[in-house]
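Please read the structure below before turning to the comments.
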Amino acid sequence: MKYLITSVAVVGLGFLILLAQSLSNTDLVSNDTFKVLLVISISFVVCLFFLIIFQVLKLLQSVRKEITGSKLTLRLVIAFGLMVLIPVSIVYLVSVNFLTKSIESWFDVRVESALEGGLNLGQKTIDILIDDIELKGKSIAYAIANNPYEKREDILIDLREKFSISSAVLYKNDGSISAISDSNPTIRSSTISLEDIRRVQNGYFGRIEETKNKNLLLKAFIPIFYNDKNQTIDLIGSKEILMLSQLVPESISNMAISVESVFEEYQQLRYSRNSLKIIYTLTLTIVLMLAILTSVAISFVLSRRFTRPLSLLSEATNQIAKGNYKKIIPEIGKDELGTLVKSFNSMTYQLDTATKNSKKNRKRLEEARAFLDATLTNLATSIVVIDKNVNIKLYNKSAAKLLNFKLSNVVDENIKNAIKDTQKFQKVITFIEESLRKKNKTIDISKEIILGSKEDEKTLILKLSALHESSGISYILVLEDITTVAKAQRQIAWSEIARRLAHEIKNPLTPIQLSAERVQNKIIDKLNEADKKILNKSTNTIIKQVDALKLMVNEFAEYSRTPSVVRKSMNIAELIDEVSYLYSDQNIEIKKNYPKKIKEIKIDENKFRQVFINIFDNSKAATEKINNPKIIITVKYNKNFIMLKFEDNGIGIPTEIIDKIYEPYVTSKKTGTGLGLAIVNKIIEEHSGEIEIKNTKPNGVRILITLPLMEIKNG
Amino acid sequence: MFYFRKNNLHILLFFIFIANPSLTFPNINNQISISQIKLENNQENIIIDLKQSSQLPPKIIELLERGIPIAFNLKIDLIKEEKYWFDKVLSQNNFIYEIKYYSLRKVFEVIDINGNKKIFEDEQEAINNLLSDKEIIIKKYSYLNNTKLKIWVELDKKRLPKAIQADIFNKSWDVGSNIIIFDMNEL
C-alpha cells in the first residue's frame, strides 16, 4: 500500500509540474490538453485522498484493536501532518490573496479608461483628417464644376498639389477614369466599386482603409455636378465622382493602430480575468492538496518505518510472555534499534534453549513419576508413606485394599482415622507408633504379624524405613501379605507329613492284614463255635480296619505325591458327561448348560476325572436328605478362560470351615478324610486355574472353576 | 478490500466526477439554429444550401463590439453509423466564416467561407451578411450507402483570442447549433 501511495503521489506531482508549466504557456492553457491535465491532476489528488483515508481508517482500526505500535504511528502521522499543514496552509492563503489582488490590479479601471481615451483620441484625429480631406474634395469639386470641362485635369493637378493630397482621381458615372493626378502611385486606385458609385449619388462620404503595408488610408468620395454656365450643352446636368486618397501620417497611423490593438487585447484579457483567478487558485489548491496528502502519505511510510522495530519488539515480547520463545525479529540496520533487536533475538534464543531443556527434564520427571505411580499402583505389596505425625502422604491401591480405608482419598489423614477397622489393624498401628517412638533417624524395622480371627487370618510382614527429603522426614511402611505363602508353606508341610506318615503306616499294614488272615485260617478249625465267632469277628475287624487304614494312607499318599501333569487335548464336556453318568441312577437330577460349540482344551484327564468325582461325591453327600436333589452344571467361555460351574441344592458347607475348606483334614462329613477338596484345589492349581467355593442362598453350594484357555491349549 | 466494500458510495461518486462529461468537457448550447437545408446531388459533388438564424447571441455581439474576431465553423461530416460503437467518420469538411469589428475605423469586416472579405459600416448589415444563406459544395464520397450527413455550426473557439480560450470554466463561449442529420440513402 505504501508503494501505491508513493507512486500516486509521485505521478500526481509530475502532472502538477506539467500543469504549472502549462500555465505559462497560453497556447497550452487554451486547448483541451490543459483540461485533461487538470482532470488528471484532480483525479490523482482524489485517488491519493481516498488512499490516505483508507490508511487512516486502517490505522484507527488497528488502534481500536490495540495492535502494538499503532498508537505511536497515529501520533507520528498527526505530528507530521500538522508540521506540513500549518506552513503550507499559510503559504496557500497568502499566495491566493496575492494572486487575486495582482490579477485584479491588471484590470484596473484607470487602465481601461486610458485605453478608451486613447482609442477615442485616435478616432477623433482620423475623423478630423477625414473632415479635412472631404472639405478639400468639396473645394476641388467646386472648382472643376465651375470651370470649363477641358480644364478639369489642370485644376485637379493644381489643387491636389496645392492641398498636398496624395492622389485625386476623377471617375465618370460608369466608373471610367476621367482625370487623374497623384504623387504616390502605390496608393492609386484605378477602379471604383459600384457600391461607392451608388452611395456617392446620395452625397459625399469619406472612409478609412487599411493598406497592404498596414497603413491607414483616408478616402473621400465627392460628386461633381456640372452647371450650365461654363460647360458645353453635352455636359449640362451630367456628373462625375472625385475620389481623393490621402495616407494618414505614419506616426499617427502607427499610434492609432497600436492603441486599437492594445485596446482589443485588453478587451480580450478582461474575459480571462475570472478564469485566470480560478485557474491559478485551482492550481494552487491542487498544489496544496497534493503537498499535504503527499506529506501525510510520506508520514505514514516514515512513521511505520520508525515504529516497525518497536512494534516488532513489543509483539515479540507479548509472544514470549505467552510462552512462544521461537519469535525471532528480522534484523533492522546497525543503529541502536538494530543492536536492541540483535540482543533481543539472542535473549529469545537463550530462553528457548533453557525452556526446551526444562521441558525435557520435566517430561523425564513426569515419566518417572508416572512409572513410579504405575508401579506403586500395580504393586501387590502395600505401601504407605507417612510423615512424622503419622499422616498419610502417599499410598497405593494394594494398601487401600489391605487396610480397608474409610474414604477413597485418605491423603493427609492420620492413619488411625483412615483405617476403618482399627481394632483389626491395631497391631499395625502399634508397630508404627512403637517404631516412631524410637526417634531413630535411620529407622529400618521389620516385623511379621498375624491379624484377624481364625476364619479370616492374615499374615503380614511390616517394614518401616525412614526417608529423608528436603521438606522433612517421611516413613515408608511396606505391608507384605504373606497369607498365601504361609498357607502354601503349611500345605507343603502337610504334604511332607502325609508322605512320611503314609510311608511309615503303610509298611506294617500288609503284614498285620496277612497275619490276621493267617491266624483266622490256622486257628479257626481248632476253636469251638463261640470262639470261632469271636475270632472271625476280631480278624474281620482287623482286616477291615487295615483296609480303612490303607485307604486313608493311599489318600495321604495321593495328596503328598509330587505333581506330574500329563495333558492331552480333549472335550471337557464329554469328561463331565462321563463322570455324571456314574451318578445318573442315584435319584439326583443333573442339569447341563453347555455352549453350542465346545472347544477342546489340554488337561490331565485322570486328574480332572478325580476333580469331578470329588465334586459329585460332595454334592451327593450334601443332597442325601434333600427332596428333589439337583446338580446344575454350566460351561462358559470368555476371551481367555473357560469357566465350569457346579451348583447343588444341598445343605451347604458350615461357615466355620468354609475358609479352610481347601486345607487337608477339614471336612464336615463323619466318614470323610478331609483331603478331597484339598486334592481338587491342588489339581486346579497345577493347571494354573482357580477354584472358588461358596454357599448359595437359600441353600446349596456353588463351585466355580476358572481355567486359563491359552495355557491349557498350549500345554 | 474491507474499505472498498464499505465505501462503494465514495468510489461511485469519484467515478461520476471523473466520468461526467459536463464536469470535464462542457456542453454546447444550441444558440444558433440552422434550417431549410437543401441538398443536391450531382455526379461529382453534393451541394448543400442552408439557412441560419439571423441573430447572434448577445454575448457574442458584446465580444464583437469589443473588437474580438468571431469565427464560426460549419461542420459537415459524412458518417457511417455503428450500432455498438462510435460512428465512423468517412469525410470531414470544415467551413470557417468570420466577422471582426475595427474600432478605430468603425467598420465590420466579414470573411466568407471562400475567404472573401467585405467591409460594413452597419453592424446588422454585417451580421446579416455573415449569416446569409450558404451554398456549400462537398466532394461526393464514392460509397454513400448507409451513410449519413451530419451538419452543425459552432463557434470556433480555437480562433478566439487565447485569453478567452483560457476561460475554460465559462460556458458562454460554448455556442453552437442544432445538429442536423441526413440519411444519404434518401438523397
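Worth saying up front: this structure is predicted, and the values here are computed from it rather than measured. Every chain is numbered from 1 and lettered A, B, ... according to where its sequence line falls, protein lines coming before strand lines.
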Please classify the contact between Glu65(B) and chain A as side chain, backbone, both or neither, with a heavy-atom cut-off of under 4.5 Å. neither
Can you tell me if Glu250(A) has over 12 outside heavy atoms packed within less than 6.0 Å of its CD? no
Is chain B contacted by the side chain of Leu216(A), its backbone, both, or neither, given a heavy-atom distance below 4.5 Å? side chain
If you measure from CD on Glu195(A) to NZ on Lys118(B), what distance do you get to the nearest 0.5 Å? 8.5 Å
Give a yes or no on this: more than 12 heavy atoms of other residues, nucleotides or ligands lie within 6.0 Å of atom CZ of Phe49(A). no
Between chain B and each of Glu210(A), Gln267(A), Glu265(A), count heavy-atom pairs under 4.5 Å; write down the option with the most. Gln267(A)
Asp127(A) versus chain B, heavy atoms under 4.5 Å apart: side chain, backbone, both or neither? side chain
In residues 88-107 of chain B, which residues are in contact with chain A at a heavy-atom separation under 4.5 Å? Lys100(B), Tyr101(B), Tyr102(B), Ser103(B), Leu104(B), Arg105(B), Lys106(B)
Would you say Glu82(B) has more than 12 foreign heavy atoms packed within less than 6.0 Å of its CD? yes
Tell me, side chain or backbone of Ile119(B) under 4.5 Å from chain A's heavy atoms, or both, or neither? neither
